[in-house]
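All remarks here apply to the structure that follows.
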4 protein chains.
Amino acid sequence: MSKEKKKNSILLASLEIFTKQGFYKTTISQIAKHIGISVGNVYNYFPSKESLAKASIVFVTEKLATILHNINAQDIPAKEKVACFVEEYLEFLQKHPEMIEYFFRIYLANREVFYQSDDSGFSLAESFIKELEKLVTDGIASKEFANQDFYISFACISGILGGITFLHGEKVLQADLAQYKKNLAHAICKSLS
Amino acid sequence: MSKEKKKNSILLASLEIFTKQGFYKTTISQIAKHIGISVGNVYNYFPSKESLAKASIVFVTEKLATILHNINAQDIPAKEKVACFVEEYLEFLQKHPEMIEYFFRIYLANREVFYQSDDSGFSLAESFIKELEKLVTDGIASKEFANQDFYISFACISGILGGITFLHGEKVLQADLAQYKKNLAHAICKSLS
Amino acid sequence: MSKEKKKNSILLASLEIFTKQGFYKTTISQIAKHIGISVGNVYNYFPSKESLAKASIVFVTEKLATILHNINAQDIPAKEKVACFVEEYLEFLQKHPEMIEYFFRIYLANREVFYQSDDSGFSLAESFIKELEKLVTDGIASKEFANQDFYISFACISGILGGITFLHGEKVLQADLAQYKKNLAHAICKSLS
Amino acid sequence: MSKEKKKNSILLASLEIFTKQGFYKTTISQIAKHIGISVGNVYNYFPSKESLAKASIVFVTEKLATILHNINAQDIPAKEKVACFVEEYLEFLQKHPEMIEYFFRIYLANREVFYQSDDSGFSLAESFIKELEKLVTDGIASKEFANQDFYISFACISGILGGITFLHGEKVLQADLAQYKKNLAHAICKSLS
DNA sequence: CATGAATGAGTGTTCATTCAT
DNA sequence: GATGAATGAACACTCATTCAT
């Protein structure tokens, strides 16, 4: 296996196990065992457990950022962009719940892991937030969305998606995720207007 | 100090330190020191660290449930109830950020701490969710809100509030919390309609 | 309850719980609860956990010593004395297994509890050993027993009784204890001859 | 040092310190220090303190079982087998008092450590008991010993040896252990006849 | 690159003992 | 005498990280 591939497999394993068990309950040994390598070898690719957690969040946010970037690149109304993003988000959540849940459970919650004195941990999600900002700004420009503080919009979009993600993780949703697509997109757009 | 009062002071200290440092990085010794008692004495009031975390979440959700319960009891339109709740929520967040953040950071994130095999950890927040459900149901009855899956509404209300709470915790909000009151209430009502 | 009676009830409770759970796994709190008094009050009667254990062994050995003393006082052959002692010992074991087992499990095993630098822990059983010595000496005088080192005789008598006590505690003996009376007395006498 | 050898050295250190100080007064740290390794490394070889105690007892009983097995294999009268066993037992006790005393002090006394719900702790000594049973059965077959309940015979053999072991541990025996060989063998054979 | 034995600081929890009431 | 809250030292066990092979 190439160096890059092995690094990636370590990342994916971490992501999965961190999400399932939490950051602190996950041991390096478990991650190593999950992909059949030795504990010491994990350290050849990542210098610490913390760095694994950070690399994981960058990995996830870049996936989300890419999705949103491609949508933003299209020449369609902002409301449609929201609908597209909700759709792709739900598909992603369906396919890789561990990645999305990692974002909401591990990253947003374990502040002490991701934050350094000199650097807001928030910055790890920068690429995604940039795209979100673009989406909102475009919508405001086209008068589709109300011209309000970006943070309100941010709270609406990521809050509502976070809420549904949480419920999905709790396994309380009776219907298939895709069923919620339309209503969620509608709710988000309304909240932004 | 009465027994009940001491138990409460331990709870409040836990809440604060858990929120600041995370569940796992917080030691019983720190909690004990914070209120000037011995480690062993903490265990005279709570049988384990985990039980402290659980008692904390019950404490917070009951506070929130009480606030919402009183609002629900009033004879006003559902939209006004939402506005009232947002106002009181923001005041509460301003005054006791550790309690609200505890709810979003510690409870929602450290699944492995709160969940037992036989019992959804979700149930610890039951009293609050019940009130939220009442608010939404009433609004649907009065045609103020759209008749949609409660989970969507749940995601909207707690998601948007969670989002702003997160941003507040990140200290990125430039304006005073109260400034966001109107816009947030508006966004939530819109999202429910 | 008189002071003496309460002291005794504490002693008996200790004996029972020490035997059932071992010295270290028994807490003062358990002993106190067992007789319905407070932890602090136990310390009004015994200055330490260790002193409780020591008082217990003195209590038991004095019971055994009394039994043997009365037998020694009779004008019967030594072999009959052995038979009598075995009989009464088995009856005692039947009735108060916790006392006898205390002697063999707790006292003989937890050396570190009973021994002080200046004093052999062995001395706590002195009264009983004295009587045993008398029994053997008398038997040698009457030519019933061989004139051998007392320690050999001691090993035979208390060893064989200890062995059957152990097996009784293990609950592997199918027959009633009394059934073993004759054979045990016979074995002991033979071993002494 | 090979893995197996290190495991063994941990075992021997445990045996010695458990015997000297008792199970509960012995700390893993002491065991580790005694052989110059770290606390954590002990746990690479034994998963718990309890498992160390159990492995120790298996180790000792297998030593005793082997001794007795070799004697049983010889074509000599049962009485001579007893004499051989007593001799080798005393030699072993002389050479490795910690092992034999471990058997009598730690194993027989700390029931709560060795017993599981589903399994008599007694079973840890199975291999030795099997050999003892063979010795007795053979002696009965050759009419050297009386045909009595095996448990009586068990109490006699292990009781008498346990008694002398106890006295040896108390350091009350004036003569050399070997001096008691003949008398002990004689006493045991008599008690079995 | 890969291994996994070794390290040792760190933490939840227990419990004998004390003492103010 | 009686209570039981308070103390704090002690200890089993964990696990991120290192490094010799």
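The figures here come from the full heavy-atom set of this structure, side chains too, leaving out hydrogens, waters and symmetry mates. Order of the sequence lines fixes the chain letters, A, B, ..., with proteins taken first and strands second; residue numbering starts at 1 for each chain.
Counting only heavy atoms from C-beta on, B:Lys6 has its side chain closest to F:dA6 among F:dA2, F:dA6, E:dA6. Comparing E:dG12, F:dC13, E:dT18 by their nearest atom to the side chain of C:Tyr43 picks out E:dT18. Side-chain atoms of D:Ile28 lie closest to F:dA12 of the nucleotides E:dT17, F:dA2, F:dA12. Among the nucleotides E:dT7, F:dA12, F:dA16, the one closest to the side chain of A:Lys49 is F:dA16. Of the candidate nucleotides E:dA5, F:dC13, E:dT18, E:dA5 has the atom lying nearest to any side-chain atom of D:Asn44. Each of F:dT18, E:dC1, E:dA5 was ranked by its minimum atom distance to the side chain of D:Asn41; first place goes to E:dA5.
Using a cutoff of 4.0 Å between basic side-chain nitrogens and carboxylate oxygens, B:Glu98 and B:Lys63 are not scored as salt-bridged.
Using a 4.0 Å heavy-atom distance criterion, A:Ser48 is classed as a sugar-phosphate-only contact.
The nucleotide E:dA20 finds its pairing partner in F:dT3, both defining distances of the Watson-Crick or G-U wobble pair being shorter than 3.5 Å.
Residue order along DNA chain E, read from the 5' end via each residue's closest nucleotide, puts A:Ser38 first among A:Ser38 and D:Gly36. Projected onto DNA chain E by closest heavy-atom contact, D:Gly40 and B:Ser29 fall at different nucleotides, the more 5' of which corresponds to D:Gly40. Of the residues near DNA chain F, A:Thr26 and D:Phe23, the one whose nearest nucleotide (by heavy atom distance) lies more toward the 5' end is D:Phe23. Take the nearest nucleotide of DNA chain F for A:Lys25 and for C:Lys3: the residue whose nucleotide is more 5' is C:Lys3.
At whole-Å resolution of the value, CZ in B:Phe46 and C1' in F:dA5 are 15 Å apart. C:Gln30 places its CD atom 17 Å from the C1' atom of F:dG4, with the value rounded to the nearest Å. One atom, CD1 of C:Ile17, and another, P of E:dC15, lie 13 Å apart when rounded to the nearest Å. Rounded to whole Å, atom P of E:dT17 lies 18 Å from atom OH of C:Tyr45. Rounded to whole Å, atom C1' of F:dA12 lies 12 Å from atom CZ of D:Phe18. As a whole-Å value, the separation of D:Ile35 CD1 from E:dT7 C1' is 14 Å. In this structure, the OH atom of C:Tyr24 is 11 Å from the P atom of F:dC11, given to the nearest Å. A:Ile31 has its CD1 atom 17 Å from the C1' atom of E:dG4, to the nearest Å.
Note that the CD1 atom of A:Ile28 and the CG atom of A:Asn41 stand 12.0 Å from one another [nearest 0.5 Å]. Note that CG of C:Asn8 and OH of C:Tyr45 are 12.0 Å apart. Values are rounded to the nearest 0.5 Å. To the nearest 0.5 Å, atom NE2 of residue A:His96 and atom CG of residue A:Leu15 are 10.0 Å apart.
Two rings, from D:Phe104 and D:Phe166, have their centers 6.0 Å or more apart.
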